[in-house]
Peer 1: 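Sharing a structure here in structure tokens format.
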Amino acid sequence: MKFSCEKALLQNAIGVASRAVSQKSSIPALEGLLLHAGQTVTVSGYNMQTGIRTTLSADVTEPGELVLNARLFGDIIRRMPDDVITFSSNEKMTVHLHCGDADFNIMGLSAADYPELPEVEDEYSLSIQQRTLRDMIGQTLFAVSTNESRPIHTGSLFEVGESGLTVVSVDGFRMAVRREPLEKVNGGYFSFVAPGSALGEVEKICGDTDDLAAVTLGKRHILFEVGDTQLICRRLEGEFLDYKSAVPRKNPICVEAETRDLIQSIDRVSVVISEKLKSPVRCLFEKDRVTLSARTANGEAKDVCRLDGDGGELEIGFNNRYLMEALRYAPADRVKIELNTGVSPAVIVPTEGEENFLYMVLPVRLKAQE
């Protein structure tokens with residue numbers, strides 16, 4: 001195999017594909033990257049759960065394929081001068097890398113030892129702007145469960161229907177829902193659950209651009225295509241929470257707040273809370289204001305945030321991080337908070353326009369203060 005290409009292109013391809021490489025594996029090839037040279041050069045990483053394949057432009061003079069240790073290969077290319085890299089290998093799997101005045105010789109592995117990435121049958125597919133897909137994943141991924149006892153909730157539900165795409169994450173303490181209209185849908189309405197770990201990589205691969213990304217659903221796998229990069233992951237199987245019936249919407253209390261102001265107030269009272277010294281943030285919703293407070297062995301903190309609306313003297317407690325994350329990821333400068341009782345969930349939605357997001361946070365039972 002022999003090819004030459006710009007260092008920046010190869011370095012970027014290695015960085016993207018390496019995200020799916022196994023750190024430690026009983027199969028040595030899975031700790032490496034598969035390089036395939038044909039019309040172009042393809043670099044692939046695979047950890048038997050998620051595979052990433054990306055293509056770069058190169059001048060290929062001898063086609064072929066082999067596997068190189070991802071960490072070593074990446075370290076070498078990163079340290080090369082910013083110039084054209086020449087890559088060549090022989091029948092003994094010895095690889096010679098040349099760039100400027102730098103030369104390296106390293107050993108590769110046979111591509112025959114590398115498991116094939118799954119093929120995804122084109123049953124259903126959708127197209128969506130990269131920027132929109134990235135934002136929808138980022139604004140729901142924080143609520144994905146880390147509890148392996150319910151594997152289905154360690155991923156996000158993608159639901160394609162009449163209103164477009166809905167992405168839902170839930171972990172038993174909070175829920176995040178994002179909705180957006182779609183550019184293009186093939187095959188009719190469909191739904192699937194994608195692993196949170198894979199979605200985190202899709203979010204990184206998507207650019208801040210209007211260029212389209214494609215999502216293809218197969219029988220057992222999902223394919224995300226973003227520019228020259230493909231990510232393939234296994235579908236999560238099981239029964240996802242019926243999120244529509246889980247959200248209470250007939251709430252008698254409704255207040256509106258500036259998102260940033262409320263985040264800052266929660267942040268202030270959270271200073272006395274730590275991993276060792278936990279405490280709920282106590283919220284007293286009154287007319288046109290909410291008083292937030294927290295008390296631990298570190299001390300006491302209190303702050304007031306201005307609101308629009310009457311909270312009816314409702315007192316309710318929340319995990320400070322859960323409430324703050326729901327507000328921080330809400331794509332709006334101003335939010336509406338729907339409340340009912342001190343043991344009912346808080347529902348956070350936009351104040352106006354289409355309801356393109358909904359966050360629900362379960363309360364923490366408050367103990368009587370002395």
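For reference, positions follow the sequence shown, starting with 1. Since we're looking at a predicted model, the values are computed, not measured.
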Peer 1: Are any non-hydrogen side-chain atoms of I232 and R53 less than 4.5 angstrom apart?
Peer 2: yes
Peer 1: Is it true that a side-chain atom of S4 and a backbone atom of T86 form a donor plus acceptor pair closer than 3.5 Å?
Peer 2: no
Peer 1: With sequence neighbours left out, write down each residue that passes side chain to side chain contact (heavy atoms under 4.5 Å, CB included) with K276, or none if nothing qualifies.
Peer 2: S274
Peer 1: For R235 and G218, work out which heavy atoms get closest and say how close.
Peer 2: NH1-O, 3.0 Å
Peer 1: If I compare all heavy atoms of E338 with all of P248, which pair ends up nearest, and what's the gap?
Peer 2: OE1-O, 4.3 Å
Peer 1: Do E352 and E256 have side-chain heavy atoms sitting under 4.5 Å apart?
Peer 2: no
Peer 1: Would you say CG of N105 has more than 12 non-hydrogen atoms from neighbouring residues, nucleotides or ligands within 6.0 angstrom?
Peer 2: yes
Peer 1: Looking at residues at least two apart in the chain, or sitting in another chain, which of them share a side chain to side chain contact (heavy atoms under 4.5 Å, CB included) with T216?
Peer 2: V120, D122, S125, L223, E225
Peer 1: Please determine whether a side-chain nitrogen of the Lys or Arg among K287 and D310 lies less than 4.0 Å from a carboxylate oxygen of the Asp or Glu.
Peer 2: no
Peer 1: With clusters defined by side-chain heavy atoms of hydrophobic residues (ILVMFWY) lying less than 4.5 Å apart, directly or transitively, does Y329 cluster with I137?
Peer 2: no
Peer 1: Is a salt bridge present between R306 and D288, judged by a nitrogen-to-oxygen distance below 4.0 Å?
Peer 2: no
Peer 1: What pairs meet the ring-ring contact (aromatic ring centres under 6.0 Å, His included) rule with one or both residues in residues 267-325, with sequence neighbours excluded?
Peer 2: F173-Y322
Peer 1: Step through the shown structure and confirm whether more than 12 heavy atoms of other residues, nucleotides or ligands are within 6.0 Å of NZ on K7.
Peer 2: yes
Peer 1: Can you tell me if CD on E116 sees more than 12 non-hydrogen neighbours from other groups inside 6.0 Å?
Peer 2: no
Peer 1: Any ring-ring contact (aromatic ring centres under 6.0 Å, His included) pairs touching residues 145-170, not counting sequence neighbours?
Peer 2: H153-F240, F158-F192
Peer 1: Are the side chains of L262 and V290 in touch, meaning some heavy atoms are under 4.5 Å apart?
Peer 2: yes
Peer 1: Could you point out which residue of V281, N319, N298 forms a side chain to side chain contact (heavy atoms under 4.5 Å, CB included) with I273?
Peer 2: V281
Peer 1: May I ask whether L66 and M107 are part of the same hydrophobic cluster, defined by side-chain heavy atoms of I, L, V, M, F, W, Y residues being less than 4.5 angstrom apart, directly or through others?
Peer 2: yes
Peer 1: Taking only residues two or more places apart in sequence, or in another chain, which ones meet R19 in a side chain to side chain contact (heavy atoms under 4.5 Å, CB included)?
Peer 2: V16, I52, E201, K204, I205
Peer 1: Kindly give the cluster partners of V343, where membership spreads through any ILVMFWY side chain lying under 4.5 Å from a current member.
Peer 2: none
Peer 1: With ILVMFWY side chains joined below 4.5 Å, transitively, what does L277's cluster contain besides itself?
Peer 2: none
Peer 1: Write down the atom of A301, the atom of V269, and the distance for their closest heavy-atom approach.
Peer 2: CB-CA, 3.6 Å
Peer 1: Tell me whether K302 is salt-bridged to E300, with the criterion being a basic N under 4.0 Å from an acidic carboxylate O.
Peer 2: no
Peer 1: In this structure, would V167 and V247 fall into the same cluster of hydrophobic residues linked by side-chain contacts under 4.5 Å?
Peer 2: no
Peer 1: Hey, does the side chain of R282 reach the backbone of G317 with a donor-acceptor pair shorter than 3.5 angstrom?
Peer 2: no
Peer 1: When rounded to the nearest 0.5 angstrom, what distance separates SG in C305 from CG in L307?
Peer 2: 5.5 Å
Peer 1: Tell me, please, which residues at least two apart from F190 pass ring pair (Phe, Tyr, Trp, His ring centres under 6.0 Å).
Peer 2: Y124
Peer 1: Can you pull out every ring-ring contact (aromatic ring centres under 6.0 Å, His included) where at least one residue sits in residues 55-91? Sequence neighbours excluded, please.
Peer 2: F3-F87
Peer 1: Identify, with sequence neighbours excluded, every residue that meets ring pair (Phe, Tyr, Trp, His ring centres under 6.0 Å) alongside Y46.
Peer 2: none
Peer 1: Could I get the full list of ring pair (Phe, Tyr, Trp, His ring centres under 6.0 Å) partners for F224, not counting sequence neighbours?
Peer 2: none
Peer 1: Is it the case that over 12 heavy atoms from other parts of the model lie below 6.0 angstrom from the CZ atom of R249?
Peer 2: yes
Peer 1: Any luck finding a side-chain donor-acceptor pair between Y243 and E159 under 3.5 Å?
Peer 2: yes
Peer 1: Find out whether E180 and Q129 are in side-chain contact, i.e. whether some heavy atom of one side chain is under 4.5 Å from a heavy atom of the other.
Peer 2: no
Peer 1: Determine, for D75 against R71, whether the closest basic-nitrogen to carboxylate-oxygen distance falls under 4.0 angstrom.
Peer 2: yes
Peer 1: With sequence neighbours left out, what residues match E258 under side chain to side chain donor-acceptor pair (under 3.5 Å)?
Peer 2: R334
Peer 1: Going by heavy atoms in the side chains, are Q49 and C233 under 4.5 Å from each other?
Peer 2: no
Peer 1: Side chain to side chain contact (heavy atoms under 4.5 Å, CB included) between S156 and V144: does it pass, once the steps are laid out?
Peer 2: CA-CA 7 Å; S156 295; V144 164; 3.4 Å; yes
Peer 1: Are side-chain N/O atoms of N147 and S145 paired as donor and acceptor at under 3.5 Å?
Peer 2: no
Peer 1: Got Y359 and E325 here, is their nearest side-chain heavy-atom distance under 4.5 Å?
Peer 2: no
Peer 1: In sequence, state the C-alpha distance, the side-chain angles, and the governing distance for S344 and N251, and then conclude on side chain to side chain contact (heavy atoms under 4.5 Å, CB included).
Peer 2: CA-CA 9 Å; S344 304; N251 298 300; 5.6 Å; no
Peer 1: Could you walk me through whether Y189 and E162 pass the side chain to side chain contact (heavy atoms under 4.5 Å, CB included) test, one step at a time?
Peer 2: CA-CA 8 Å; Y189 301 153; E162 192 174 342; 3.6 Å; yes
Peer 1: Do you know the tightest heavy-atom contact between D113 and A29?
Peer 2: O-CB, 3.6 Å
Peer 1: When you measure from the side chain of S18 to the backbone N and O of G15, does any donor-acceptor pair fall under 3.5 Å?
Peer 2: no
Peer 1: Which heavy-atom pair separates V255 from G311 by the least distance, and what is that distance?
Peer 2: CG1-N, 4.1 Å
Peer 1: Could you see if I152 belongs to whatever hydrophobic cluster contains L141? Use Ile, Leu, Val, Met, Phe, Trp, Tyr and a side-chain cutoff under 4.5 Å.
Peer 2: no
Peer 1: Does a side-chain heavy-atom distance below 4.5 Å link S89 with E62?
Peer 2: no
Peer 1: For the atom pair CG (L241) and CG (L157), what is the distance rounded to the nearest 0.5 Å?
Peer 2: 9.5 Å
Peer 1: So how far is it from L10 CG to I85 CD1, rounded to the nearest 0.5 Å?
Peer 2: 5.0 Å
Peer 1: How far does CE of M80 sit from CD1 of I76, to the nearest 0.5 angstrom?
Peer 2: 6.5 Å
Peer 1: Could you walk me through whether L56 and D228 satisfy the side chain to side chain contact (heavy atoms under 4.5 Å, CB included) test, starting with their C-alpha distance in whole Å, then the side-chain angles of each, then the deciding distance to 0.1 Å, before giving a yes or no?
Peer 2: CA-CA 7 Å; L56 65 142; D228 294 325; over 6 Å; no
Peer 1: Could you pull out the closest heavy-atom pair between E315 and L366, with the gap in Å?
Peer 2: CG-CD1, 3.9 Å
Peer 1: How long is the straight-line distance from CG of L362 back to CG of L323, given to the nearest 0.5 Å?
Peer 2: 12.0 Å
Peer 1: Are V168 and L199 connected in the hydrophobic side-chain network, where two residues link if heavy atoms are under 4.5 Å apart?
Peer 2: no
Peer 1: So, do S22 and M48 sit near enough that their side-chain heavy atoms are less than 4.5 Å apart?
Peer 2: no
Peer 1: For the CE atom of M1 and the CG atom of N90, what is their distance to the nearest 0.5 Å?
Peer 2: 11.0 Å
